[in-house]
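Residue numbers begin at 1 in each chain, while the letters A, B, ... track the order of the sequences. No experiment lies behind these values; they were computed from the predicted model shown.
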Protein chains: 2
Amino acid sequence: MNPKLTLRDQKKEATAYALSVAAFELALVHGMDGFIVDDVVRQAGVSRRTFANYFSCKEEAVAEYFMNRATSEDENDLLAHLAPDATPLDALYSLLKLQFTSEFLRRLRQFASLANQYPSLEPYILSVFRRLQMAAQEVLERFTHGRYTDGYTHLLAGAVYGAFVPILDGRLNVLLPGESQEDRPGSVSFDQYLNSMFDYLRNGF
Amino acid sequence: MNPKLTLRDQKKEATAYALSVAAFELALVHGMDGFIVDDVVRQAGVSRRTFANYFSCKEEAVAEYFMNRATSEDENDLLAHLAPDATPLDALYSLLKLQFTSEFLRRLRQFASLANQYPSLEPYILSVFRRLQMAAQEVLERFTHGRYTDGYTHLLAGAVYGAFVPILDGRLNVLLPGESQEDRPGSVSFDQYLNSMFDYLRNGF
DNA sequence: CATATTTTTGCCCAAAGTGCAAAAATGCTC
DNA sequence: GAGCATTTTTGCACTTTGGGCAAAAATATG
């Protein structure tokens with residue numbers, strides 16, 4: 001619950017969230033074609049019509065579950081606590097740590113696996129990444145006070161999130177803390193991937 | 001028409017293409033909520049049921065129009081004609097020139113503008129970029145013969161296409177050859193953007 | 001507590017999505 | 001090019017979805 005919102009908006013958020021949770025769970029258990037919107041609303045305890053007020057399809061509801069709930073206060077905090085000599089890359093790195101928690105990555109893997117099974121989901125998982133990228137763009141813009149006008153922030157934010165896309169189709173197999181390499185052959189730890197990414201960014205390709 | 005395909009597959013491609021053209025044109029003229037699937041199939045000269053064989057919704061049909069028709073022969077050509085001392089960045093640059101023709105950019109701008117007006121389209125325009133990115137990933141992988149195992153190709157391909165995303169919401173205003181800066185205030189030529197992008201890639205951020 | 005605003009809901013109907021089987025088109029072989 | 005096998009298109013029937021509208025419920029304001 002975000003206390004910055006009015007009670008009304010808190011309830012709206014809660015409703016959307018309940019619907020998205022129900023949709024994601026049903027998708028995991030039954031597959032995208034194993035449930036209908038009526039099932040979602042039954043599980044979330046709202047009317048069929050209300051679902052349509054929030055989402056235009058099941059896929060959108062599932063994706064909503066992944067739309068970042070990092071508040072703008074979190075971002076304010078982040079910017080305030082950076083070292084005085086921090087670079088834009090440092091700011092970006094901090095944000096990535098905030099966004100890609102182990103828990104988020106764990107669920108994202110489930111979502112990605114669903115999306116590979118049900119192509120109708122693919123466009124919607126991309127929109128999750130887009131949302132994250134826009135937040136990064138915003139943070140970079142604030143951090144640099146609009147100092148760069150040549151697309152630097154666009155490019156930097158784009159680079160990082162673009163590089164995550166291979167997670168989606170399993171070409172990049174992320175190993176989470178607590179998992180062993182034997183369980184997931186060919187996997188790379190997220191931190192390791194992130195670090196090699198930032199090496200390239202710092203030093204050029 | 002791709003002569004590598006059987007006649008059957010050529011016809012299938014033609015059908016999908018006709019449907020996508022009709023969908024895109026109707027969307028431009030009437031807006032996404034100003035036409036229905038029946039209108040599309042009437043214009044394309046196929047049955048309602050056939051539409052469903054190809055696409056799961058209007059949005060998908062519109063996006064199909066932008067799915068790159070650069071063949072794998074084009075990519076073979078590209079790889080064959082690179083200078084002997086070409087770097088992966090050079091290969092990527094050539095591919096971008098192949099994918100982002102002026103004509104493609106011109107249409108993409110129309111699509112982006114539609115997607116801003118009709119949020120239901122947004123996920124689908126992202127999938128167009130994803131398709132382009134996957135082609136680049138493929139080319140880089142072939143060019144480097146799998147020499148890099150640390151995510152270099154993923155990261156590089158991701159960087160470039162990620163950086164294009166701001167085109168989508170109009171934050172990055174692309175000026176095409178033949179247009180004047182006065183017509184599109186705040187615009188940047190695509191080539192210019194591409195070059196500054198590659199400067200960063202070469203030299204680090 | 002009374003009133004204004006916003007959200008939820010039910011009702012209704014147009015539109016969309018899909019399994020199935022017949023019909024049409026295509027590919028292949030002789 | 002005639003005949004047979006394979007694939008695609010189509011029509012039909014039916015469930016599911018999407019969204020306008022107005023009444024009802026919930027929330028905000030003062």
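Remark: the B/Asp90 side chain and the B/Thr87 side chain contain an N/O donor-acceptor pair separated by less than 3.5 Å. Remark: the B/Gln137 side chain and the B/Gln133 side chain contain no N/O donor-acceptor pair separated by less than 3.5 Å. At a cut-off of 3.5 Å, with distance as the only test, no side-chain donor of A/Arg130 or A/Tyr161 sits close to an acceptor on the other residue. Donor-acceptor pairing under 3.5 Å is recorded for the side chains of A/Arg107 and A/Tyr65.
B/Phe51 comes within contact range of no nucleotide atom at all, as no heavy-atom separation falls under 4.0 Å. Backbone-only engagement by B/Tyr54 is indicated by non-hydrogen atom pairs under 4.0 Å involving sugar-phosphate atoms exclusively.
The side chain of A/Ile36 lies closest to D/dT17, out of D/dG19, D/dT17, C/dT18. Between D/dT17, C/dG10, C/dG17, one nucleotide has an atom nearer to the side chain of A/Ser47 than all others, and that is C/dG10.
For DNA chain D, no neighbouring residue in residues 16-26 of chain B is found when judged by any heavy atom under 4.0 Å.
For the pair B/Asn116 (side chain) and B/Leu168 (backbone), a donor-acceptor distance under 3.5 Å is present. For B/Tyr124 (side chain) and A/Tyr124 (main-chain N/O), no donor-acceptor pair under 3.5 Å exists by modelled atom type.
Comment: A/Arg106 does not engage A/Glu179 in a salt bridge, judged by the lack of any side-chain N to carboxylate O separation of less than 4.0 angstrom.
We find that CZ of B/Arg48 is positioned 15 Å from P of C/dA14, with the value rounded to whole Å. The CG-C1' distance, from B/Asp39 to C/dA16, rounds to 13 Å in whole Å. Put simply, CG on B/Asp33 is 21 Å from P on D/dT17, counting in whole angstrom units. For B/Phe55 and D/dT9, the CZ to P distance is 11 Å, given to the nearest whole Å. Put simply, CG on B/Asp38 is 11 Å from C1' on C/dA14, counting in whole angstrom units. Residue B/Arg42 contributes atom CZ, which lies 11 Å from atom P of C/dA16 at whole-angstrom precision. C/dA16 atom P lies 16 Å from atom CD of A/Glu59, rounded to whole Å. Between the C1' atom of D/dT8 and the CD atom of B/Gln10 lies a distance of 15 Å, rounded to the nearest Å.
For the OP1/OP2 pair of C/dA16 and a distance below 4.0 Å, the side-chain nitrogens and oxygens of B/Ser56 include no atom meeting the criterion. Taking 4.0 angstrom as the limit, A/Thr15 places none of its side-chain polar atoms (N or O) nearer than this to OP1 or OP2 of C/dT7. For the OP1/OP2 pair of D/dT7 and a distance below 4.0 Å, the side-chain nitrogens and oxygens of B/Lys12 include no atom meeting the criterion.
Annotation: A/Arg171, atom CZ; neighbour count of heavy atoms from other residues, nucleotides and ligands within 6.0 Å is above 12.
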Treating primed atoms plus P, OP1 and OP2 as sugar-phosphate and everything else as base, which nucleotides of nucleotides 21-30 of chain D get B, S or - for protein heavy atoms under 4.0 Å? B----BBS--

Pair A/Leu194, A/Phe164 - check side-chain contact (heavy atoms from CB on, under 4.5 Å), show working. CA-CA 9 Å; A/Leu194 204 56; A/Phe164 289 147; 3.8 Å; yes

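Remark: A/Leu176 CG to A/Phe100 CZ distance equals 12.0 Å, nearest 0.5 Å.
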